[in-house]
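The figures that follow rest on heavy atoms only: side chains count, while hydrogens, waters and symmetry mates do not. In what follows, chains are A, B, ... by sequence order, proteins preceding strands, each numbered from 1. Just so we're clear, the structure is a prediction, and the values are computed from it rather than from any experiment.
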Amino acid sequence: GQNIDQPTEMTATEGAIVQINCTYQTSGFNGLFWYQQHAGEAPTFLSYNVLDGLEEKGRFSSFLSRSKGYSYLLLKELQMKDSASYLCAVRDLQTDKLIFGTGTRLQVFP
Amino acid sequence: DTEVTQTPKHLVMGMTNKKSLKCEQHMGHRAMYWYKQKAKKPPELMFVYSYEKLSINESVPSRFSPECPNSSLLNLHLHALQPEDSALYLCASSQAFRESHSYEQYFGPGTRLTVT
């Protein structure tokens with residue numbers, strides 16, 4: 001079976017750094033994705049990790065440890081527009097389906 | 001062009017109505033998806049089409065009927081829905097399985113469906 005855990009809510013201050021963790025248990029792993037979703041809008045792709053290590057993309061970085069079943073999304077220099085839900089999703093090796101976590105609602109305060 | 005379009009944006013329908021949701025992409029993607037998303041919940045996969053053939057049906061009730069007329073279009077036909085089917089319906093597309101290493105899914109803006 002598959003199980004993906006993320007914190008439900010987080011708050012942070014504008015300009016700060018926040019780390020959103022994701023742990024997963026899957027029968028077959030073929031990559032981990034992070035998506036951002038603003039309220040009432042579609043998810044937008046942020047990052048993809050399939051090998052261990054850190055992937056950096058501007059203010060956003062994503063880390064993966066396959067042996068620990070763990071990933072995090074790091075957001076630097078937070079802006080008000082970063083207030084959104086952040087979805088961790090694991091791709092199943094056998095079916096190629098994306099299995100989404102419940103999402104972390106991040107609120108950025110001035 | 002990395003856009004997936006969906007129509008309509010909003011739809012209100014009665015339980016006896018028949019309606020269709022439409023999705024279109026011109027990225028050359030050969031995999032297309034329908035997801036259902038309730039408020040404050042993650043997207044739930046409904047159907048996957050790969051090379052215009054239905055490859056995954058997540059035990060979705062028959063009142064939802066998908067159709068893939070060609071590689072750019074994906075429809076979801078709705079009939080005799082229930083109020084609990086009210087949700088945001090998201091379409092997504094990606095390169096097909098094993099065509100690409102990362103093949104992230106690109107989501108459309110969704111159709112907000114209300115069943116009365």
Side-chain angles (χ1 to χ4, degrees), chain A residues 1-10 20 22 24 26 28-51 53 55 57 60 62 64 73 83-107, chain B residues 2-7 9-10 21 23 25 27 29-51 54-60 87-114:
Chain A
Q2 291 120 347
N3 191 41
I4 301 173
D5 285 315
Q6 305 178 235
T8 306
E9 289 186 353
M10 296 183 73
I20 303 175
C22 171
Y24 64 88
T26 59
F29 175 83
N30 193 23
L32 186 144
F33 295 80
W34 283 96
Y35 281 85
Q36 180 193 61
Q37 187 175 26
H38 286 98
E41 297 182 14
T44 54
F45 169 76
L46 289 178
S47 69
Y48 168 74
N49 296 72
V50 69
L51 300 175
E55 294 280 341
K57 248 190 191 183
F60 294 1
S62 57
L64 175 69
L73 180 70
S83 294
S85 283
Y86 291 86
L87 299 162
C88 171
V90 172
R91 186 165 58 211
D92 182 85
L93 181 64
Q94 305 303 325
T95 65
D96 201 36
K97 291 193 296 189
L98 269 189
I99 314 297
F100 283 90
T102 52
T104 299
R105 274 193 305 282
L106 173 67
Q107 215 163 355
Chain B
T2 57
E3 195 181 17
V4 177
T5 59
Q6 289 187 245
T7 55
K9 273 190 155 178
H10 301 274
L21 308 185
C23 173
Q25 56 87 16
M27 293 180 276
H29 290 165
R30 302 306 294 275
M32 295 185 78
Y33 311 79
W34 279 115
Y35 288 87
K36 173 183 176 179
Q37 188 176 26
K38 294 280 221 180
K40 298 186 179 180
K41 298 285 187 187
E44 292 174 38
L45 184 65
M46 299 174 72
F47 302 104
V48 180
Y49 273 82
S50 181
Y51 294 94
L54 184 64
S55 59
I56 295 177
N57 176 341
E58 290 289 276
S59 304
V60 179
L88 181 69
Y89 287 84
L90 293 163
C91 173
S93 72
S94 73
Q95 292 180 313
F97 193 29
R98 296 200 175 117
E99 269 186 355
S100 166
H101 187 49
S102 64
Y103 51 107
E104 63 264 26
Q105 292 183 19
Y106 293 85
F107 284 84
T111 294
R112 187 156 298 283
L113 174 68
T114 304

Per-residue contact mode, B/Glu44 against chain A (heavy atom under 4.5 angstrom): neither
Contact origin within B/Gln6 toward chain A - heavy atom pairs under 4.5 Å: neither
Atom of A/Ala42, atom of B/Phe107 and distance for their closest heavy-atom approach: CB-CB, 3.9 Å
Flag side-chain contact, heavy atom, 4.5 Å: A/Tyr48 against B/Glu104: no
Within 6.0 Å of NZ in B/Lys41, more than 12 heavy atoms from elsewhere: no
Residue B/Lys9 excluded, over 12 heavy atoms near NZ under 6.0 Å: no
A/Glu41 versus B/Leu88, closest heavy-atom pair with distance: O-CD2, 4.4 Å
Option in A/Gly101, A/Ser85, A/Ala39 with maximal non-hydrogen atom pairs under 4.5 Å from chain B: A/Gly101
Atom group of B/Pro109 that falls short of 4.5 Å from chain A, counting heavy atoms: backbone
Taking every non-hydrogen atom, the tightest pair across A/Tyr35 and B/Gln105: OH-O, 2.9 Å
Beyond-backbone contact of A/Ile4 with B/Pro42, side-chain heavy atoms, under 4.5 angstrom: no
